[in-house]
Amino acid sequence: MKLKFTYFVVFVFLLSACNSKKQADDTSEKQPNIIFIMSDDHTTQGLGVYGSRLASLDPTPNLDMIANEGMIFENCFVSNSICTPSRAAIITGQNSQLNGVLDLDGRIEAARQYLPIEMKKLGYQTAIVGKWHLKEEPAAFDYYKVLPGQGSYFDPEFRERGEKPWPKNVVQTQGHSSDKITDITLEWFKKERDPNKPFFLMHHYKAPHDDFENAPRYEDYLADTFIPEPESLYEMGNHGSVATRGKNDSLTRIIGSSVSHRNLIRNQAMNIYVDSTIHRSYREADSIRPEEYVKWTMDEEEKKYASQVYQDYLKKYLRCVKGVDDNIKRLIDYLKEEDLLDDTIIVYTGDQGFMLGEHDYIDKRWMYDESMRMPFFVRYPKKIKAGSRTDAIINNTDFAPTLIEMAGGNVPDYMQGNSFKTILETGEEPEGWQQSTYYRYWMHLAHRHQNPAHFGVRTKDHKLIFFYGKYYVDTTDPNADWDKNNWGNDFTNSTPVAWEFYDLKKDPKEMNNAYNDPAYADVIADLKKELIRLRDDLNETDEKYPHIQKVIDEHWND
Ligand code: CA
């Protein structure tokens, strides 16, 4: 009996070996090209297909066309809403604690640049152009020409793979970064592409990252147009908690960088109206007096001012978006001319979302939807039905597993994300597909944007956030900004602890923190269980940070 079983095992093994050989042969014939296009801080409100208040301005006709010819994801979320950690999650398929990139100082060296490594194993020619932001040389790619750090909007320098070693391999260019990045990609196609191999190209814009600088040709774009405003720019409602607003709203002038003058430490008025006598300089903000920690209310004059700043801010942002959209057309036109378009999977995303005046906030970092949601759509007419949309939950650790599987490979065990290839190809969630996603922002009160650190869980219908209000120490760089325990203000040592809960079906704009509504007690209890499960499964607990764990233990049942 035992012998028979052994024969059977050997037989099955041989059969599966034959099968996988056959599969490999099949896929090598059909391997698609892949272009992964990513902009920086391009939020869903700034794309026509996501139907926000800005959609009527038609901000992205070319991107909308690609989106409408493929599948649009309505529930794609970032695991940590800031540039470097998001990019690290995308390249490794891992969450922050496993890939080690919790903040802007993190780095991913060549041996852990897993996505291009896996693509190369599958026979792909690999390249990356534009913003990289993971500090180490992107040496796992066959070709790279990337911006150093954030890079410049105008006349950007690049570092290009070639004879000179990193980081001395500097090439100076002239013009606007969105135009240059597209030029470089088109040049790569013409000069470097190996027609005998499928290609995997990461094409990453710097735009529309702040501070927004558009190409001069967009200076008149939207100049005479009124940009629709979010109601929450003027009225906070029951959004937020004691963690974001302080007791009796005593911290509204300290927490969360603003459009209006609300935030004394950093507001958009400072950036735009630098000569204004009303705004405070950064230096002045350091000497904020305790009597100024009082509830902020917008009077009529301030409303007018906030509107003016918002109009100016949004126009600058949308001009940068326009530059990206026009350049996408150049890329698509080239693919059409070369008859490559329909053999190529085209992915578009932004590295996270962005607050465009919602709740009077600017920047990202928050777990609120405008910041946490990523635009994400995929065009590949051979496998993906045009005009499809899905509300399946995916996050940025799922991108690498999906692309590897679409290229004919198997998802490596060391990746934490899940492949959503089935969703792309059938429009259906496979059995057991994830119904929640985890979020963590680490850089407590950094960069004067003044976002308290927090983590949480989001499902299709609900969101639960825990603000623990503490620093952690970055062991990779003890001098990092976010380790400093003050900016000259006592309140930065720690901020109030609180939970927030939003019923996203009833309250998609997150205007009502319903954490204390007894009607949701059971839902919240279930979300807390899910949060524990996710933190355990993803290696995202606070074992290494006992001072944070202490806060979690003390406040878990608040
Ligand atoms: Ca970003």
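As the structure lists them, so they are numbered: ligands from 1, and atoms in each ligand from 1. Residues take their numbers from the sequence shown, with the count starting at 1.
Counting only protein N, O or S atoms, 6 lie closer than 3.0 Å to the Ca ion (ligand 1).
Comment: R161 does not engage D142 in a salt bridge, judged by the lack of any side-chain N to carboxylate O separation of less than 4.0 angstrom. D326 has no carboxylate O lying under 4.0 Å from a charged side-chain N of R330, or vice versa, which leaves the two without a salt bridge. Salt bridge annotation for K329-D333: present, with a cationic side-chain nitrogen under 4.0 angstrom from a carboxylate oxygen. Under a 4.0 Å N-O distance rule, the pair K145/D183 does not qualify as a salt bridge. Between D369 and R458, at least one side-chain nitrogen of the basic residue sits less than 4.0 Å from a carboxylate oxygen of the acidic one, meeting the salt-bridge criterion. In summary, E231 and K509 do not engage in a salt bridge, as defined by a charged side-chain N under 4.0 Å from a carboxylate O.
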